[in-house]
Amino acid sequence: MINLETLNDRQKQAVTAGMGPVLVLAGPGSGKTKTLTYRIAYVIEKKLVHPGQILALTFTNKASKEMRERVNKLLTKFPGAAERLTMGTFHSVCARILRKEIGRLGYGQDFVIFDSDDQQKILKEICEELRLGKSLPPQLFSALISRAKNLLQLPSEMNLDLDSRMKEKVREVYVRYQDQLVAQNALDFDDLLMLTVKLFEAEPAVLEKYQQLYTYILVDEYQDTNLAQYQLLRLLGVHRRLFVVGDDAQSIYGFRGSDITNILNFEKDFPECEIIKLEQNYRSTRNILAVAQKVIELNSEQKPKTLWTENHDGEKITLVQADDEKAEGEFVARKIVELAGGKKDEPVYEPDTSQNPAGMSILDRFLLAKKKYGASMAGFIRALPQLPKDHDSLKEFCILYRTHAQSRSIEEALIQSGIPYQIVGGYKFYDRKEIKDMLCFLRLAQNYRDLVSLKRVLNEPPRGLGEKSYQVIRDFILESGAKEKDVPIREFRSAFAEVKLSTKQWQSAQSFFEALEEFNSLPKSATLPELISLIIRRFRLEQTLRDGSEKGESRWENLEELLTVAQKFKNLNWPEALTEFLQEVALLSEIDQKNEEKDAITLMTLHSAKGLEFDTVFFVGLEEGILPHSRSLVEPKDLAEEVRLAYVGLTRARKNLFLVFARSRMSYGTRHIQTPSRILKAMPQERLTFVSGAERIFEDSGEDGIVVEKMEF
DNA sequence: AGCGCTCAGCTTTTT
DNA sequence: GCTGAGCGCT
């Protein structure tokens, strides 16, 4: 039996609500996840719905994994029930549906998922073909096409708010781009959502099947849904048995089409709905909440909601003025040593050489900094206080910033103090060359029409096939696909005899495709690791990577690590395992890659931090142009999103919150004088304590902003 | 085809 | 200050 007594009145009301539409407006730290998991457990326990009929949509894979575990713990009397829930992100659930049904839309079941890099490559080729010049770069089209898809507009339906000349151009590129995706049997991220909606609209029978399958739908982070996701919920949720949770004050994905009006209009869409507000905060101290509250009040259009807490005031929030980004990092590092230092006076002189996720050992990073500052190792190590070996856990510290680019200066200070850290996002394991190459081989094994992958590995390792050969082969694949879709690779390869290449290149290409065919004729009972090993052997990847250099050795180790990851799919036949594996890798979110075990502080962007909490948070770079970001200053609605972003950042902290701004900062290779963020000025002075003159932000400074005295560098 | 050199342009945020 | 495109040389 789940114990409702551990819930407060509002939470209980939500958990035990009727089966009609329910909107839970949940402030940060108000027990949103708890409410959601209890709700799922409750409807199962009361037999209001079968576990297999529940669809729970979350924002990240990590969140869904956690939720499944928590539901499982609550349902001790229903063993296995949690496994039967359908849970995942919108993207992964759509991918699963499409994997079954996409034949009806003219794609093959073996479709691959293109990430933004892949997308960019196609768009680049199209822009070059159309000779669009520098004023119309691929990035522009990728943003606009994404916007169109999020609004559910196919190329033929495209109607973005643009002048007619531009609209024509975008349409032209969009048509070609989408044709390419179809020819390559590939879907981009936005297609996963859009095509699922299009499928449901075109095929009532399919829609009905899923409507009957998922009779109860729960959505986390509802404020971040876009039109496609909204439409999907309207279609699937005809039964109106919906339970959505969100906080309009934490809507931070407007840039990728999320529409805050989805949550604001919930009552209009579902007039019979129940609305429950969770306003008691269990996470943060009163000081932290008071500061966050004042910040969010900068936005007038927020749904009124007042957080309160029984927690005590706690420490005041520390506002720090640093001279520059280097001093900013040093402050953070010093403070961490002070707070987590444990026994003092036992400096560690050996830099930690364990790998960090950025792929560079701490020692490498040290050498880099040494090159930069010309410091000797002794001087370098002495430069900052060191973290003793018996330090407290570092898992409860996090450093937040607006953009990835800000991490560098912080990292350097952390290395100098010997503080282990992990970065979420930025360079990913799956972005490394040797890993990406292997993924491309695997993608080709699944779907040889994937030209983005083909281009990448056609000459990897070198076999004399360059740009020219690629183009000839590409045209051949496109033509053969136009004539007849779904030609198996065996037949494709016999037709390949007609390809117009010089003898040497023809033979080389022939043997490349022979290898692909070999992978395809691997017995079905083989496993994914076996397929990977075969690829390694057939393309002599081990010999190529292990060239005797240290770097080569580490690349090979990365490939071995990929093999380890693939072990997870050993119990499946390779074709299924391959599909699952590629899909999972493609839809991995930044935060999914965070290592929970590792005793290290976490560095990440504000966006990645949503939904997380830490005892101590360092919030850095609180300057005009960074937060709010300079690109957000034109549109008031973008500025409001920056304020919400700040709100998200502040409310991650449980006990200690440090806010840092720098007087000057290096960007684009030149030093810029910085102005403290307007967001800081909104904070209640009496909740703050100041370091090195930070109080100046409250000094009288006239109407529009803060006067900063000129400084010399 | 592949290497190395020079110079421009650049940074939001993510599935 | 870093990356990646473009060019010229081998």
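The model shown is predicted, which means the values in this text are computed figures rather than measured ones. So you know, we letter chains A, B, ... as the sequences are listed, proteins then strands, and number each from 1.
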(Q) Rounded to whole Å, how long is the line connecting atom NZ of A/Lys433 with atom P of C/dG4? (A) 13 Å
Q: Verify the ring-centre separation between A/Phe619 and A/Tyr401: is it less than 6.0 angstrom?
A: no
Q: Just jot down the salt bridge (charged side-chain N to carboxylate O under 4.0 Å, His left out) partners of A/Glu596, sequence neighbours excluded, or say none.
A: A/Lys62, A/Lys594
Q.
Mind checking if A/Tyr253 touches a base, just sugar-phosphate, or nothing, with heavy atoms under 4.0 Å?
A. sugar-phosphate
(Q) At a heavy-atom distance below 4.0 Å, which nucleotide of DNA chain B is the first touched by chain A, and which is the last? (A) B/dA1 to B/dT15
Q: Not counting sequence neighbours, which residues clear side chain to side chain donor-acceptor pair (under 3.5 Å) with A/Asp450? List them please.
A: A/Arg443, A/Ser453
(Q) A/Val197 and side chain to side chain contact (heavy atoms under 4.5 Å, CB included): which single residue from A/Leu232, A/Leu236, A/Leu227 fits? (A) A/Leu232
Q) Can A/Arg99 be said to sit on top of A/Phe111's aromatic six-ring, NZ or CZ under 6.0 Å from centre and within 45° of the ring axis? A) yes
Q. More 5' along DNA chain B: A/Arg463 or A/Glu641, using each one's nearest nucleotide?
A. A/Arg463
Q | Those residues of residues 626-633 of chain A lying under 4.0 Å from DNA chain B by at least one heavy atom | A | A/His629, A/Arg631
Q. For the pair made of CD in A/Glu125 and C1' in C/dA5, what is the distance, rounded to whole Å?
A. 15 Å
Q) Just checking A/Asp115: base, sugar-phosphate only, or nothing, at a heavy-atom cut-off of under 4.0 Å? A) nothing
Q.
Over all strands shown, is A/Glu467 touching base, sugar-phosphate only, or nothing at heavy-atom distances under 4.0 angstrom?
A. sugar-phosphate
Q: Go through the structure and list residues passing ring-ring contact (aromatic ring centres under 6.0 Å, His included) with A/Tyr222, not counting sequence neighbours.
A: A/Phe266
Q: List for me each residue that meets side chain to side chain contact (heavy atoms under 4.5 Å, CB included) alongside A/Pro137, sequence neighbours excluded, and say none if there are none.
A: A/Gln139, A/Leu140
(Q) Nearest heavy atom decides the nucleotide; on that basis, is A/His91 or A/Asn459 closer to the 5' end of DNA chain B? (A) A/Asn459
Q.
What's the gap between C/dA5 and B/dT12 when it is taken at their C1' atoms, as a whole Å value?
A. 23 Å
Q.
Quick test of your reading of the model: are A/Glu584 and A/Lys568 salt-bridged, counting only N-O distances below 4.0 Å?
A. yes
Q | Ring center gap for A/Phe441 and A/Phe539 short of 6.0 angstrom | A | yes
Q. Taking the same atom, P, in B/dT13 and in C/dG4, what whole-Å distance lies between them?
A. 15 Å
